[in-house]
Amino acid sequence: MLHIEQLNQLRALRQQWRDAGETVAFVPTMGNLHSGHLKLVRHASALADHVIVSIYVNPMQFGANEDLDAYPRTLDADMQALVALNVSAVFTPGTPDMYPRGIEAQTAIEVPAISDVLCGASRPGHFRGVATIVNKLFNMVQPDIAVFGKKDYQQLQVIRRMVEDLSMPVDIQGVETEREESGLAKSSRNGYLSDQQKRQAAVIYAQLVTAGQRVLSNAQDFPKIEQQANQEIAQAGLTPEYFSIRRCRDLSTAQPGDAANELVIVAAAKLGTTRLIDNLEVASLK
Ligand code: PAF
C-alpha cells in the first residue's frame, strides 16, 4: 500500500494506471476509521482495479462553533486498518496544498437548496465545505467510481447533485449504514457515548423503523408520525433536532400521495453534547 502526500506523486500514479487501462474506486474520509468506513473500502475494492482512500480533516466543513482541533486524528491506526484491505494507495494531503490561499479565498462549490435544509440549517456552510473538498479531491484522484456511506444521507445527495450539475465523470455509489446490534448507526461520534448512552441512542433507529413501517402501510399524516417519533426520542432522554419524512432525491418535504419507495426518513438528535444523525430509506423495509 502506497502512502502519498504530494499531488504530483498522485498524478504520476494515476497516469501510470490510466496508461495500463486500470480503473480506480475512491473512498474519501476524514480518518478515525471504524468498521463503517472499512465496509466502504471493501465495497470499493469489488468495483475497480485499484482503491484509493484519502484521509484529510477538512477545515472548510467545520463551523466556527465546531471544534476542528478536537477531531480525532488516528493516522497510524487508520493505516494499519487499510493495509489489511485491498487498498492500493492512501492519500493524505496537507492543508497548505488543499487551501493554498486560505479558506476564505478558496473558490467554492455551492449546491443550492439541498444544502440549506436539515443538517445544513443548523450547520450553515457545512455542505459548501464538503462539496468544495470533494470536488477538489475528485480533480486530484480522478476516480472512475467514488463510494460514500448512506449514513450521511444528505451529504451523499449533495454530492450526487454536484456531480450531475457539473457533469463530472464519476459514478457515485452509496453504501448501506453499518449498525450496532441495537440498531445504532456506527459513527466516529459513538466514541463520545457511554454504554448507557449507546443504549439510549438506539431509540433513533427504532423510531425510524416504526415511522417507516407506518409510511409503508399507507399512513399519510406525516407531521403526526414525525411528532410521535420526536416524543419517543425525547422520552428516551435525547434532544430531537429534526425527524422528517422527505423525498430521497432532493430531500424536499414528503407530500401525501408520494410513492413510499421514493421516501427517506432522516433524523438528528443530541445526547449530552454529542449530535447523532441517522436515516432510513422506506424502500429498504420491503
Ligand atoms: O464524510 C466525510 O468523512 C467527509 O465529509 C468527506 C466526504 C470525507 C469530506 O471531507
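Each ligand, and each atom within it, is numbered from 1 in the order the structure gives. This structure is a prediction, so every number in the text was calculated from the model and none was measured.
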Give the atoms of ligand 1, by number and element, whose distance to some non-hydrogen atom of [X] is under 4.0 Å.
| X | answer |
| --- | --- |
| Q155 | 1 (O), 2 (C), 4 (C), 5 (O), 7 (C) |
| T29 | 8 (C) |
| I133 | 9 (C), 10 (O) |

Q: Could you go through the side chain to side chain contact (heavy atoms under 4.5 Å, CB included) check for Q213 and L285 one step at a time?
A: CA-CA 7 Å; Q213 282 162 344; L285 290 175; 4.1 Å; yes
Q. Y242: what forms a side-chain hydrogen bond (donor to acceptor under 3.5 Å, both in side chains) with it, not counting sequence neighbours?
A. none
Q | Any donor-acceptor N/O pair, Q207 side chain to I204 backbone, under 3.5 Å | A | no
Q | N135 side chain to A108 backbone, donor-acceptor under 3.5 Å | A | no
Q: Name the option, out of Q61, K136, H126, H37, that contains the heavy atom nearest to atom 6 (C) of ligand 1.
A: Q61
